[in-house]
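Take a look at the structure set out below.
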Protein chains: 2
Amino acid sequence: MARASSVKDVAALAGVSLGTVSNVLNRPDRVSPGTRGKVEQAMRDLGFVRNESARQLRAGHSRMLAYVLLDARNPFFTDVAEGAERAAEAADLSLFLCHSDNRASREGDYLAHLVEQRVQGILVTPVDPHASVLGDVRRNGTPLVIVDRTRDDDEFCSVAVDDVLGGRLAVEHLLEQGHTRVAFIGGPATIGQVRDRLEGARQAWAESGLPDDQLVVVPTEGLTVVEGRSAGERVMGIGRKRRPTAAFCANDLLALGLLQQLSTAGSTVPGDLAIVGYDDIEYASAAAVPLTSVRQPRQELGRRATELVLDEADNPDHRHEQVVFTPELVARRSTLG
Amino acid sequence: MARASSVKDVAALAGVSLGTVSNVLNRPDRVSPGTRGKVEQAMRDLGFVRNESARQLRAGHSRMLAYVLLDARNPFFTDVAEGAERAAEAADLSLFLCHSDNRASREGDYLAHLVEQRVQGILVTPVDPHASVLGDVRRNGTPLVIVDRTRDDDEFCSVAVDDVLGGRLAVEHLLEQGHTRVAFIGGPATIGQVRDRLEGARQAWAESGLPDDQLVVVPTEGLTVVEGRSAGERVMGIGRKRRPTAAFCANDLLALGLLQQLSTAGSTVPGDLAIVGYDDIEYASAAAVPLTSVRQPRQELGRRATELVLDEADNPDHRHEQVVFTPELVARRSTLG
DNA sequence: TTGTATGCGTTATCAC
DNA sequence: GTGATAACGCATACAA
């Protein structure tokens, strides 16, 4: 494979000047049909492909968007990515996914590379939304939007969902179903989401007037199926009288693990324990017992984040905006007996 | 945000020439500690970031690798990606994920963009391994390796797993467990994988001497949880006497759906139906009944594919290679009573 | 050790 | 309608 051919090669073969080739590429109307034909033929003959690096160098920025995400295995993030992908497509940009796998170092490497690449914009669900690395990106002139996380300042655009409200919705639903002992399953508390959902749960609980200690917090070390199973053992290990009759899980993976654990142990859902999940991922409705869950507008998150990052890139009057979406409870068999 | 600063700006501020700045960047040993200090300080002051486009233009190729994958929601592919990611990291390259979502048009758009971007190499699990678009990439000088698919020629490097053997392993295991009526669940037959796994199943069946019609093919329209549930209804709808006592599913998602359907309907696994899945994704071992499955060396696939694409990029004597890995059966409760 | 000059491929401006 | 030319930012060969 010889060196790829350039506009110069095309020009030589077509017997025209380099400028004309460029015109065929970028303003075909300015060039006569005859020469255009010759040029296009030459391009085909040589298998000419634009060199995007050179284009970018000239233009000052690339036609790429990137989404740096925490966990490619979590359908929540891939759904967000799908929304972003569609918005990117509509703007004639390509969206690339970068998997940080929850590691700050990898996240940092990707962000650095993307800034060097002069991408149009970056969406990121960061390991730590307050890490200075995000500020560095901005300082270097690359628009950046925080997805599914928030900061307590307004230095960045962000899109997120009201997790406190989500927590309220879940617990209010369980209260309506007559439960008076409820477990909150989730952790670690370092994750803002987990804290907010618990906070919402507590607010709803306080308003119910039930004793505080009947809302039991069962901590987990992560938001995974395996952790859900382990939490299930702990919940069902509580003595009959003090055992919760319902559980609100900080995400659906936990809820699925919990469901599996109960099913393995011969307990029934919602008979022995009602379950509410969070995220409403596809597996939630397809579970053995379809799962009640708090739905977030996932694709919408990605779409809006993309719009914001493009506004930051294109609009000189851009103002940072913190968008907060409203979650919605989807009731299914796991709480409806 | 003003225009990003360039080596020229750094040189001006540091009071040295542009070449010296470049040397600080690329051969720091060639420059005296004193001037190096000045230059580095200037870089910090200006927030200088290399322009990767310009670097690429100069170098002729980028420091990017890409994996164009079919389905970001399938853990199989994200595991492959993880293996590729690690190999890329070791070579000091960045791996970007492109989600074609099983759409040929999106796959084509991504491939075109990557070629224009002059990426170092592309890994792809294509919608159609024989589509001409793959040949176009190669013709344009970008190394490309096919992942988890094969072609019947040797125009490309590829890495795959021996699915015929995988099918044999699954059915041989069920035969050993004493089953004499088995369902193969999977489809559509347009997917090479599905065909190969069925082929392997048939080979093992033929060698067992059991009547052909006791290996029942239950077709599905895709390899998803939902399809698995639907297949479950059909299998259990078969009259008692002719009903299979075991099912071999073309992937784990189908198997999980099947498992859920049985559990919902009050049937037991493996009592009423033993189940073998394929892929051994994380959810397989974490399922309500841990799933027997055929494991593929997923990360290894990604790692090897990356090595091959880098060899194609760097080694003038590169020869295309079709690597075929050997699958392995992992027996768990879903077949072991 | 440091500085100068050239070219990578593209686009856009300006003559012709 | 077409052609010559400069510029984008960087890396390198070579000169000082």
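Just so you know, these numbers come straight off a predicted model, no measurement behind them. In the text below, chain A, chain B and the rest are named by the order of the sequence lines, each starting its count at 1.
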In whole Å, what is the span from the [atom1] atom of [X] to the [atom2] atom of [N]?
{"X": "A:E52", "N": "C:dC8", "atom1": "CD", "atom2": "C1'", "answer": "15 Å"}
{"X": "B:K38", "N": "C:dT1", "atom1": "NZ", "atom2": "P", "answer": "15 Å"}
{"X": "B:L46", "N": "D:dG9", "atom1": "CG", "atom2": "C1'", "answer": "15 Å"}
{"X": "B:L18", "N": "C:dT4", "atom1": "CG", "atom2": "P", "answer": "10 Å"}
{"X": "B:R36", "N": "C:dT1", "atom1": "CZ", "atom2": "P", "answer": "10 Å"}
{"X": "B:H61", "N": "D:dC10", "atom1": "NE2", "atom2": "P", "answer": "17 Å"}
{"X": "B:N23", "N": "D:dA11", "atom1": "CG", "atom2": "C1'", "answer": "9 Å"}
{"X": "B:R30", "N": "C:dG3", "atom1": "CZ", "atom2": "P", "answer": "15 Å"}

Students often get this wrong, so: under 4.0 angstrom with heavy atoms, is [X] touching a base, only sugar-phosphate, or nothing?
{"X": "A:R50", "value": "sugar-phosphate"}
{"X": "A:S32", "value": "sugar-phosphate"}
{"X": "A:R27", "value": "base"}
{"X": "B:V21", "value": "nothing"}
{"X": "B:R55", "value": "sugar-phosphate"}

Tell me, yes or no, whether the heavy-atom count around A:R44 atom CZ, taken from other residues, nucleotides or ligands under 6.0 Å, exceeds 12.
-> yes
Given [options], identify the nucleotide with an atom nearest to the side chain of [X].
{"X": "B:R58", "options": "D:dG9, C:dA12, C:dA5", "answer": "D:dG9"}
{"X": "B:V7", "options": "D:dC10, D:dG9, C:dT10", "answer": "D:dC10"}
{"X": "A:L57", "options": "D:dC8, C:dT10, C:dG3", "answer": "D:dC8"}
{"X": "A:V16", "options": "D:dT12, C:dT4, D:dG3", "answer": "D:dG3"}

After noting the C-alpha distance and the side-chain angles of A:N51 and B:E116, does the key distance pass the side chain to side chain donor-acceptor pair (under 3.5 Å) rule?
-> CA-CA 5 Å; A:N51 183 323; B:E116 293 188 352; over 6 Å; no
What about the rings of A:H99 and A:Y67, do their centers lie closer together than 6.0 Å?
->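 They do not qualify: ring centres at least 6.0 Å apart.
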On DNA chain D, more 5' by nearest nucleotide between B:S22 and B:A54 is B:A54
Less than 4.0 Å between a side-chain N and a carboxylate O, is that true for A:R106 and B:E85?
->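 Looking at A:R106 together with B:E85, the answer is yes, because their closest N to O distance falls below 4.0 Å.
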Residue pair A:R118 / B:A4: nearest heavy atoms and the distance that separates them |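 In terms of heavy atoms, the two residues are closest at NH2-CB, 3.8 Å.
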For B:T35 and C:dT2, is the shortest distance between a side-chain N/O and OP1 or OP2 below 4.0 Å?
-> yes
OP1 or OP2 of D:dA11 under 4.0 Å from side-chain N/O of B:N26 = yes
Side chains of A:N74 and A:T78: is there a donor and an acceptor less than 3.5 Å apart?
-> no
Find which nucleotide of DNA chain C each of B:R118 and B:D29 is nearest to by heavy atoms, and output the residue with the more 5' nucleotide.
-> B:D29
